[in-house]
Amino acid sequence: MVRAKENTDHMITVDDLIALVRAYNPKANCERISQAYAFGEKMHQGQYRHSGDTYFSHPAAVAAILTQQRLDDATIITALLHDTIEDTKASFVEIEALFGSEVATLVDGVTKLTNLQLSSHQTEQAENFRKLFIAMSRDLRVILVKLADRLHNMRTIRSILLEKQINKSRETMEIYAPLAGRMGMQWMREELEDLAFRVLNPDARKSIIRRFIRLQRDSGDIIQRISGDMQTELERAKIKAEVFGRAKKPYSIWRKMNQKELGFSRLSDIYGFRIITSSEEDCYATLGTIHRRWRAVPGRFKDYISQPKSNGYRSIHTTVSGTDGKRVEVQIRSQAMHDVAETGVAAHWSYRDGVRVKNPFAVEPEQWISSLTEQFEGRDDHDEFLEAVKLEMYSDKVFCFSPKGDVIKLPRGATPIDFAYAIHTRIGSAIVGAKVDGLRVPLWTRLKNGQSVEIISAEGQTPQRSWLDVATTGKARTSIRRALRERDRGRFIRLGRELARAGFEHVGRRATEKALSISAKHLGLENHEVLLERLGSAEITTHDVIQAVYPDILPSDQDEISPRRAVIGLQHGQSFERARCCGPLPGERIVGISHRGKGVVVHAIDCDLLGEYEDQPNRWVDLNWHEGTHPPIYSTTLEITISNGSGVLGRICTLIGEKQANISDLRFIDRKPDFFRMLIDVELRDVEQLLSLMVTLEADSDVAALDRYRQAATSSQTLS
Ligand code: MN
């Protein structure tokens, strides 16, 4: 394939190309193709390939490759223009104006794939890249052009530096060849593999070719002989079919030899035969004829006609052995099946005799990707199953690029914050802005496939609570939370200390460091500081802490009314829930609303939501709270604004503790330099305890505002 400098003899001319297209599509718009050819040639004027050829010989050759798959005008034109946006002054807008938006979008898609810089960790990333290619190319014709582009570059790879040859060949082996296979173009897969093999392992390839030549010399033209025999058998059976024999590519032979550690003698690994029939019935008739004449090798028969592959591939595969014990592989399929087998998913866009082929076996490209995600369970096609699972996984992923060209895989909906944390926690924590494809974007921007993302960071930046609303990945969220807790640690510890002191005093004990350490140990926490921190951040309760040291000291609740019997007026066996909207406490006037399947929901008599049930009197249930002592388990939320002075929060918590109310959660909703506004969930016995608590709190000079917080939700809270 080495070409002489200045040699342009191989150039596919516009007439050559049009002749190739006309052969399968006489109605092709030759004028548009000529126009694209002229435009591309003009744009690339003065550019040369490493081989010395004019640059435009490359796009012309790519277009010619695609005529083999008999593709539509748009794809051929895209091939001619595929490098113009990237390498010439032509723009998307210009191409759109001249050739329409279909072609412009396709060219743009190819340009995006070209711009993917494969990183140095290609092997780990190969699967990501293959997924990315499909994910990015909503129109699979983009991949067809890209594959043809790579095929031509591989065919002419000898003119570039050896180091680059090796890189390109690895890429081809890892990404492009499997991609061609996945799309159902076996011939392209084999050729790409073999071209790469030639660069990556020239000695192995030469040795296989040498042995191959020796075999041919020893046993004559085996292909001719076996094809002839098969043809004769078929004629005798009056089946109209054509037999084709071929030697497999050196790489295929080498791979099989490596896989099975077999010698070179197995013909089935070297030669392949293909019988093309005119109908599906003839496929089975042919199979019968072949099996009658030669012995079928057990375990080698596969019927992809009744069970086609997801890319539309249909064929019968069998291996037979002759009297000499030599085995050969035979594939049997009809012409229409063969077209799909050669063209894969591209068959959808193929033309034959001037019309878009309505090949019954071609797959719909849109359905192809989703069909790949179908279950392959129960099939022995394990690889295909794995591929399908992997594909399924990426439908909810986006793939973006770092400035270095690394692929970062993120869940769909991810933002620059997730991206930054995916690169490094340090970068995530310091993010102040982001550029997507070179433009500044807000941090809540949802990233899309193929975008390149640049993170702008600044020293001194720390994670913000608001980031939790826009971060989607576990890594980002965990890191942000950890940083926030770290920052608030000192305050939480102080608060925890106050809570512990009040709690222990309440039961006549002291919250000594020793007591707290014992408690921490029982609760599985590292030390007493961690315990105080968790207590202060409401991750554990005072009750938990005390119980861990003095299991028997907390008041028993024998005389208390069981929560199940807390309300009077229910029918036997009827369950009830406390409405979340108003959260009535024992002692308050209540009414029940019956819900099918959910029991009775208990509302405060003045709850706004009751208006909704005004016209359904049969659902109302008269209820009263039990008069006895209720356990302190009825959660109520207080909205409180306190001044930000030292010890204020601790004192508030002490006050709550002194009123024998347990704090179950504590959330800051606003943090101004002078004031904290927060929600405190307390667990209470009844409304009397609530009122007493509120009076106490309001009397404190540092409490600026206090209210019972009732959320306007319709959902209910379950008591159990
Ligand atoms: Mn190219």
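The figures here come from the full heavy-atom set of this structure, side chains too, leaving out hydrogens, waters and symmetry mates. Both counts, for ligands and for their atoms, begin at 1 and track the order of listing.
- Within a 6.0 Å radius of CD in E242, no more than 12 heavy atoms belonging to other residues, nucleotides or ligands are found.
- Taking the six-membered ring for Trp and thresholds of 30 and 60 degrees, Y271 and F273 have ring planes inclined between 30 and 60 degrees apart.
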May I have the list of side-chain donor-acceptor pairs in residues 440-448 shorter than 3.5 Å, sequence neighbours left out?
residue : atom : partner : partner atom : Å
T445    : OG1  : P442    : O            : 2.6
R446    : NH1  : G413    : O            : 2.8

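- Cation-pi contact between K309 and Y304: present, with separation from the ring centre below 6.0 Å and deviation from the ring axis of at most 45°.
- Screening residues 98-110 for side chain to side chain donor-acceptor pair (under 3.5 Å), with sequence neighbours left out, gives E102-R141, D108-K112.
- Excluding water, every protein N/O/S atom under 2.8 Å from the Mn ion (ligand 1) is given here by residue and atom: H58 NE2, H82 NE2, D83 OD2, D149 OD1.
- For residues 10-27, there are no salt bridge (Lys or Arg N to Asp or Glu O under 4.0 Å) pairs, not counting sequence neighbours.
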